[in-house]
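Structure, as structure tokens:
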Amino acid sequence: MGKGVKTAVIGGVFAVMVGGAGYGVFNIVSALNGDGGTSGAAAEKKSGPPGTDEVKETTAKFFAAWEEGATATAASYTNNDAAAEQLLTAFAGDAHITDVKITPEAAKGTTVPYTVKAKVAYDGKSKPLSYSGKLKVVRGLTTGRPLVDWQPSVVHPELKKDDTLVTEQSASPPIEAVGRDGSVLTKEKYPSLGPVLDALREKYGEKTGGSPGIELVIRHTAGNAPDTPLLTLAEGEPGKLTTTISASAQAAAEKAVKRFAQSSVVAVKPSTGEVLAVANNRTDGFNAAFEGQAAPGSTMKIITAAMLIDNGVTSMNGPAPCPADAVWQGQKFENLTGMEPNESATLANSFMRSCNTAFIKLIDEKPLTDASLTQEAEQRFGLGQDNWKTGIVSFDGSVPEVSGPDRAAGAIGQGQVQMSPLNMASVTATAITGTFRQPYLVSPELDDRQLAQAQGLRASTAAQLKQMMRLTAIQGTAEETMAGLGGDIGAKTGSAEVDGNAKSNSWFTGFRGDIAAAAMTEEGGHGGDAAGPIVAAVLRTDG
């Protein structure tokens, strides 16, 4: 009898486990098959997009578990259990977010918009948190179950791969960044300065005398990007940080880059190296203006022309024939469609028309070697030595010593040559003054930084480069773009082909008085088509 009762009890318990704790069994299966759901033996596998009822039911269960802080259960309704559970756990734990209420809106197909309202509480301080998000419901690859398509942005729209959420005392005190005229620089007024201001705060917050507050931040665990603040629970005391930014130039740069997707611009003061403006129009928050690495196209001809002059190959008024094509070690190079050949062209003429073949033909002249362009870039223009200290992370340009077809390609800004708009603005500044002055955003006196040094150009070389850039702006490829700009002006256009892209990158660099600016956009076309108008807009300011 006792034996029978024991068996019955065990049987009853087993029945409860199967019928009432099915999610436990589901989680085990989920862990085994990697996308949740029941096995093929338990249910027929469905295909096609999830239906309306499936979308509604899946999101309702996911949201309910998220609200309750049942992170493992919520994660089980996604197609990436492990990643979802880790971030949802951080949401409740490291980020100290409680009282979560999620309100879904009407689904648009398999996409569901929603609003999250919650509270962030830490060290006796609390504040409400509210934001909108959206998710998509898909079918599990192995089970056919409807599941939330897991992305970090499901938890918060600003989260990307390898990001997490943390609430704590600020790693760096806040700063009040001001421009060269004392005007306050904020993300609200100058949106594309956001990543720059975050980087400045991380580096200089403790040096400006401020005190930290308490914040909810996005922590970027990949790379060296600074935390992105989302919510301030307790204000810190900001320290004042003076930058070199010009409010008028920055405002013009911000407006100009909005015209073209994936565009960046930098303006510098050639007489000092001070950065006057830095702006980006990008969806990823990357400061491509300072850190971008891309082939600069024909803007590189400024450095190549300097190399030709410095090595006695030719001069501004010396020969630089422009044939229809040129062959270098088996690779054929051509000019832009429609360019008329000119066998009697001078260097100035080939420069202002941006004749590729003229530069290709001349790089074979003695005493030039595979190292000549690299030496010119490093020794004269201060590029490629990884020693710029601008105040934040920046790329110093790269002109590697190469042989074969890449040597010829490098002369016209293709091949292995890589630059950022910051680099090319600096190249223009060096070209027109003859002196390399490393660009910087924050005075080196604040933290005793040693700025990079370079030999610079001979006065005669700089004078020729400046005059060739003037001719380009007045009657060459930059004439239309620079029209209407008064004063002493000059420019160089460029376009660069990028592997895998149907359109070329557009480059443009120019100067007006004591302002030099360079821009790059992935919008495509020749330099004057997209990057040119951005630079011209910045040059119209007083700097």
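Just so you know, these numbers come straight off a predicted model, no measurement behind them.
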(message) Is there a side-chain contact between L230 and E158 in this structure, where contact means two heavy atoms from C-beta onward sitting under 4.5 Å apart?
(response) yes

(message) Looking at I534, is its backbone amide N or carbonyl O close enough to the side chain of R259 to form a donor-acceptor pair, meaning the two atoms are under 3.5 Å apart?
(response) no

(message) So does L129 get a backbone contact from the side chain of K117, meaning a donor-acceptor N/O pair under 3.5 Å?
(response) no

(request) Measure across L197 and A177 and return the closest heavy-atom pair with its distance rounded to 0.1 Å. (result) CD2-CB, 3.6 Å

(request) Could you tell me which non-hydrogen atom of G285 sits nearest to which non-hydrogen atom of P195, and how far apart they are? (result) O-CG, 3.4 Å

(message) To check you understand the geometry: which heavy-atom pair defines the closest contact between R449 and V442, and what is its length?
(response) NH2-O, 2.6 Å

(message) Between K187 and D198, does any side-chain N to carboxylate O distance fall below 4.0 Å?
(response) yes

(message) Could you check whether K136 pairs with D149 (Lys NZ or Arg NE/NH1/NH2 to Asp/Glu carboxylate O, under 4.0 Å)?
(response) no

(request) Write down the atom of V538, the atom of A267, and the distance for their closest heavy-atom approach. (result) CG1-CB, 3.7 Å

(message) Can you tell me if E202 has over 12 outside heavy atoms packed within less than 6.0 Å of its CD?
(response) yes

(message) Could you check whether any side-chain heavy atom of R139 comes within less than 4.5 Å of a side-chain heavy atom of P146, counting everything from C-beta outward?
(response) yes

(request) Report yes or no: does E206 contribute a side-chain atom to a donor-acceptor pair with the main-chain N or O of P173 at less than 3.5 Å? (result) no

(message) Going by side-chain hydrogen bond (donor to acceptor under 3.5 Å, both in side chains), H220 matches just one of T228, T164, D227. Which one?
(response) T228

(message) Which label fits Y131 and H156: parallel for a plane angle under 30°, tilted from 30 to 60°, or perpendicular past 60°?
(response) tilted

(message) Under a plain distance cut-off of 3.5 Å, with no hydrogens placed, do T509 and T428 share a side-chain donor-acceptor pair?
(response) yes

(request) Could you tell me whether the side chain of Y77 reaches within less than 4.5 Å of the side chain of T59, counting heavy atoms only? (result) no

(message) Main chain of G213, side chain of S170: is a donor-acceptor contact present, judged purely on distance under 3.5 Å?
(response) yes

(request) Salt-bridge test for K258 and E254: reply yes if a basic N is under 4.0 Å from a carboxylate O, no otherwise. (result) no

(message) Hydrogens and angles aside, do T78 and N80 bring a side-chain donor and acceptor to less than 3.5 Å of each other?
(response) no

(request) Could you check if a side-chain atom of V257 sits within less than 4.5 angstrom of a side-chain atom of T521, using non-hydrogen atoms only? (result) no

(request) Output yes when a side-chain donor or acceptor of D163 lies under 3.5 Å from a complementary backbone atom of T221, and no otherwise. (result) no

(request) Determine yes or no for a side-chain-to-main-chain donor-acceptor pair under 3.5 angstrom, with R180 supplying the side chain and T243 the backbone. (result) no

(request) Taking the side chain as every heavy atom from C-beta outward, state whether F260 and N281 have any pair of such atoms under 4.5 Å apart. (result) no

(message) With a 4.0 Å cut-off on N to O distance, would you call E54 and R145 a salt bridge?
(response) no

(message) Working to the nearest 0.5 angstrom, can you tell me the gap between L231 CG and T167 OG1?
(response) 7.5 Å

(request) Look at the side chain of S264 and the backbone N and O of A288, then say whether any donor-acceptor pair between them is shorter than 3.5 Å. (result) no

(request) For the pair W507 (side chain) and A518 (backbone), establish whether a donor and an acceptor sit closer than 3.5 Å, ignoring hydrogens and angles. (result) no

(request) Assess whether atom NZ of K160 is packed by more than 12 heavy atoms of other residues, nucleotides or ligands within 6.0 Å. (result) yes

(request) Enter the distance from E67:CD to I102:CD1 here, rounded to the nearest 0.5 Å. (result) 5.0 Å

(request) Taking the six-membered ring for Trp and the full ring for Phe, Tyr or His, determine whether the centres of Y114 and F63 are under 6.0 Å apart. (result) yes

(message) Is any side-chain heavy atom of T244 closer than 4.5 Å to one of L276?
(response) no

(request) Taking all non-hydrogen atoms of both residues into account, name the closest pair between D99 and K119 and its distance. (result) OD2-CE, 3.4 Å

(request) First locate atom CG of L216, then atom CD1 of I214, and finally report the distance between them rounded to the nearest 0.5 Å. (result) 12.0 Å

(request) Quick one: closest heavy-atom pair of M419 and G397, and the distance? (result) SD-CA, 4.1 Å

(message) To the nearest 0.5 Å, what is the distance between CG on L446 and OG1 on T208?
(response) 8.0 Å

(message) Can you confirm whether the side chains of S248 and S246 place a donor and an acceptor under 3.5 Å from each other?
(response) yes

(request) Look at the side chain of S426 and the backbone N and O of L422, then say whether any donor-acceptor pair between them is shorter than 3.5 Å. (result) no

(request) Would you kindly say whether N505 and E522 are connected by a side-chain donor-acceptor distance under 3.5 Å? (result) no

(message) Is it the case that over 12 heavy atoms from other parts of the model lie below 6.0 angstrom from the CG atom of D53?
(response) no

(request) Verify the neighbour count for atom CD of E105: are there more than 12 heavy atoms of other residues, nucleotides or ligands below 6.0 Å? (result) yes

(message) Checking Q151 against S153: is there a side-chain donor and acceptor pair closer than 3.5 Å?
(response) no

(request) To the nearest 0.5 angstrom, please state how far the CD atom of Q414 sits from the CD1 atom of I412. (result) 6.0 Å

(message) If the threshold is 4.0 Å, N to carboxylate O, is there a salt bridge linking D123 and K125?
(response) no

(request) Flag the pair V116 / T103 as yes when at least one side-chain heavy-atom distance between them is below 4.5 Å, and no otherwise. (result) no

(request) Fit a plane to each ring of W150 and F62, take the angle between them on a 0 to 90° scale, and name the class: parallel (under 30°), tilted (30 to 60°) or perpendicular (over 60°). (result) perpendicular

(request) Scan residues 172-213 for pairs that pass ring pair (Phe, Tyr, Trp, His ring centres under 6.0 Å), counting only residues two or more places apart or in two chains. (result) none

(message) Looking only at side-chain N and O atoms, does N280 offer a donor or acceptor that is under 3.5 Å from a partner on S192?
(response) no

(request) Indicate yes or no: at least one non-hydrogen side-chain atom of I245 is less than 4.5 angstrom from one of V278. (result) yes

(request) Output the distance between atom CH2 (W66) and atom CZ (F91), rounded to the nearest 0.5 Å. (result) 5.5 Å

